[in-house]
Every structure is written in structure tokens, then in C-alpha cells.
Amino acid sequence: MSLSDTDTKADNTIDPISFREALGHFASGITIITTQIDDEPIGFTCQSFYSVSMNPPLVSFSVKASSFSYPKIRQAERFAVNILSSEQSHVSNQFAMRGADKWQGIDWQLSPLGNPVINDSLHWLDCKIHAEHPAGDHLIVIGEVKGLNLDVAATARPLLYFKGTYGDLAGDE
């Protein structure tokens, strides 16, 4: 199919299922965004995470505007980004569920800012909310990185998500 065969008229709508399938062809890392408020740990699985700026150090994630967890993160005004390792697909699945105890069986500790950091994650970033922008049915949240984990296992690999399934990097580095 050539570009001219593709329907590119501005007045046509994009089918949400086709859009989701197309975006699934972009491999992404998996993170768990966490905070703690009133001694309650909060967290959710997030694959739409990326770096924004080196100076100041800014990162961003997107979250559904109807999220149950995000209002509590907004209230806390801080969050941690837990970058999952290839061994943590079960953690991703657990934090993607609604209405379940997401923290059952999860070993974690508090970061310097008071955010839960999940043990055995590949890496974590400790952030304060810098800005929030509405974008369609999502919110774009920008965080200023105030701390990070410098203890990285040399053999650890990231958990990736591609075309609806988990994967990791193959081969030696």
C-alpha cells in the first residue's frame, strides 16, 4: 500500500482499536509510578514514560485522566519511577490491576522523598511534580528528578512491552 492509498484526510477519524494496534509496534520500557500518602502506598503500571530535559533533570509520564491512583500522587506532589527489570513482568501485571492489593508480596522501601521504591527494580528516580498538562483523555505529568538509584546490576535487563507482550533484550551486551 502506498501513502496515496492510505486514508489521510483530516476529516476522517482514526479507529481507536487500529490506533492502539499501530502504537503497539513501538517497543517501550515498563515502569511503576509510586507515591505514599497517609501511610498508604500507591502505584500503577506505566509504559508511557520518557526523559524531557537534562537541565533541569525532567521526566514525564502519561496517565488516564480517570485514573484512580493519580489524584493521590497529585495530592502527594511527588512520585518515584520504578524501572522494571526483565524478571518483573509479574510486578507489572499486579500493578495494572484495579481493585486488588497491588502491594501484596511486593518488597519495597521508602525513597529519600518518601516514595515507595520496589526492590529489584532495574533503577528508580525520585521526583517532585513540576507540571501537569491535559491531553485528550490523558494527563501529561512532568516531574523534576530529585534523586536516583545508583546501584545498577550489570547483568540486569529492562522489561519491554511490544505488540501486546512482554520481552527483554536478547544477546550479550
Inter- and intrachain pairs under salt bridge (charged side-chain N to carboxylate O under 4.0 Å, His left out), touching residues 38-57, at least two apart: Glu40-Lys72
Flag side-chain contact, heavy atom, 4.5 Å: His90 against Phe95: no
Whether Ser53 side chain and Pro57 backbone form a donor-acceptor pair below 3.5 Å: no
Interatomic spacing from OG in Ser89 to CD in Gln94 - rounded to 0.5 Å: 11.5 Å
Phe79 ring center near Phe61 ring center (under 6.0 Å): yes
Intermediate values then yes/no, side-chain hydrogen bond (donor to acceptor under 3.5 Å, both in side chains), Asn82 and Thr34: CA-CA 8 Å; Asn82 296 266; Thr34 60; 3.2 Å; yes
CD1-OG distance between Ile42 and Ser69, expressed to the nearest 0.5 angstrom: 6.0 Å
Donor-acceptor under 3.5 Å (Asp126 side chain, Leu113 main chain): yes
Test item: Tyr166 and Leu159 side chains (from C-beta on) under 4.5 Å apart, heavy atoms: yes
Non-hydrogen side-chain atoms of Val63 and Val141 separated by less than 4.5 Å: yes
Residue pairs, two or more places apart or on separate chains, that pass salt bridge (charged side-chain N to carboxylate O under 4.0 Å, His left out) and touch residues 76-87: none
Min side-chain heavy-atom separation Ile118-Asp107 under 4.5 Å: no
Joint cluster assignment, Trp124 & Ile142, ILVMFWY side-chain distance < 4.5 Å: no
Contacts of Ser18 that satisfy side-chain hydrogen bond (donor to acceptor under 3.5 Å, both in side chains) - sequence neighbours left out: Asp15
Closest non-hydrogen atom pair, Pro116 against Ala80: O-CB, 3.8 Å
Single-linkage hydrophobic cluster Val145~Ile83, side-chain heavy atoms < 4.5 angstrom: yes
Non-hydrogen side-chain atoms of Pro158 and Leu84 separated by less than 4.5 Å: no
For the student: nearest non-hydrogen atoms of Gln36 and Leu110, plus distance: OE1-CD2, 3.7 Å
N/O donor-acceptor pair under 3.5 Å between Ser48 side chain and Ser62 backbone: yes
Pairwise side-chain contact, Leu139 with Arg74, heavy-atom cut-off 4.5 Å (strictly under): yes
Distance-only donor-acceptor check, side chains Glu132 and Tyr70, under 3.5 Å: yes
Test item: Asp120 and Ser85 side chains (from C-beta on) under 4.5 Å apart, heavy atoms: no
Transitive ILVMFWY side-chain link Val91 to Val117, under 4.5 Å: no
Check: His123 and Leu148 side chains under 4.5 Å, non-hydrogen atoms: yes
Hphob cluster co-occupancy, Phe44 + Ile129, side-chain heavy atoms under 4.5 angstrom: yes
ILVMFWY network linking Ile73 to Phe49, side-chain heavy atoms under 4.5 angstrom: yes
